[in-house]
Amino acid sequence: MSKEKDYRENIDRSVKRLAKALNIIEALHQDLEFVFERRTDWNSEVNWQIEEAASKLGFALATLSTWYDDPEE
């Protein structure tokens, strides 16, 4: 097996794992939204941090998803 094929397989596997992780984070975020809507005395900063992390992971997912695409002119 060529190294290039190994690299592509690793990227593809990473894309799938990252997408699954983001799905889990989304579910967690929704659970916390439910709590913070009802408990206004709680600090919702943690939910904002989760949103920020998910955003950055989403950017990484986009980059990995297009890693081997031809650069746009």
Side-chain angles (χ1 to χ4, degrees):
M1 192 179 296
S2 74
K3 284 189 178 191
E4 187 66 25
K5 186 175 179 184
D6 287 343
Y7 297 150
R8 285 181 183 264
E9 287 177 359
N10 283 330
I11 294 289
D12 290 343
R13 188 172 39 255
S14 295
V15 165
K16 289 180 182 179
R17 286 178 174 167
L18 184 50
K20 285 180 183 180
L22 281 166
N23 286 334
I24 292 168
I25 290 169
E26 179 186 17
L28 165 86
H29 182 264
Q30 290 173 354
D31 289 347
L32 289 176
E33 280 290 316
F34 178 79
V35 170
F36 291 129
E37 285 175 2
R38 283 147 184 81
R39 295 292 305 260
T40 57
D41 58 324
W42 284 17
N43 183 352
S44 62
E45 176 76 14
V46 69
N47 222 19
W48 179 84
Q49 291 172 335
I50 291 169
E51 289 174 4
E52 286 293 307
S55 175
K56 290 178 182 178
L57 289 171
F59 293 144
L61 179 59
T63 299
L64 289 173
S65 294
T66 59
W67 194 264
Y68 286 103
D69 291 356
D70 291 331
E72 293 183 20
E73 304 268 333

Among residues at least two apart in sequence or on other chains, which ones pass side chain to side chain contact (heavy atoms under 4.5 Å, CB included) with S65? V15, L61

Can you name the residues that form a side chain to side chain donor-acceptor pair (under 3.5 Å) with N10, not counting sequence neighbours? R13

Minimal non-hydrogen separation, S14 against L64, with atom names: CB-CD1, 4.3 Å

Using every non-hydrogen atom in the two residues, find where A54 and I25 come nearest and quote the distance to one decimal. CB-CG2, 4.1 Å

For the student: nearest non-hydrogen atoms of L18 and L57, plus distance: CD2-O, 3.7 Å

Sequence neighbours left out, what pairs pass side chain to side chain donor-acceptor pair (under 3.5 Å) with at least one residue falling in residues 46-56? H29-E51, E33-N47

Can you sort out the partners of R8 under side chain to side chain contact (heavy atoms under 4.5 Å, CB included), two or more places apart, ordered by chain and number? E4, Y68

Residue list, salt bridge (Lys or Arg N to Asp or Glu O under 4.0 Å) with R38, at least two apart or on another chain: none

CG on L28 to CD on Q30, rounded to 0.5 Å: 9.5 Å

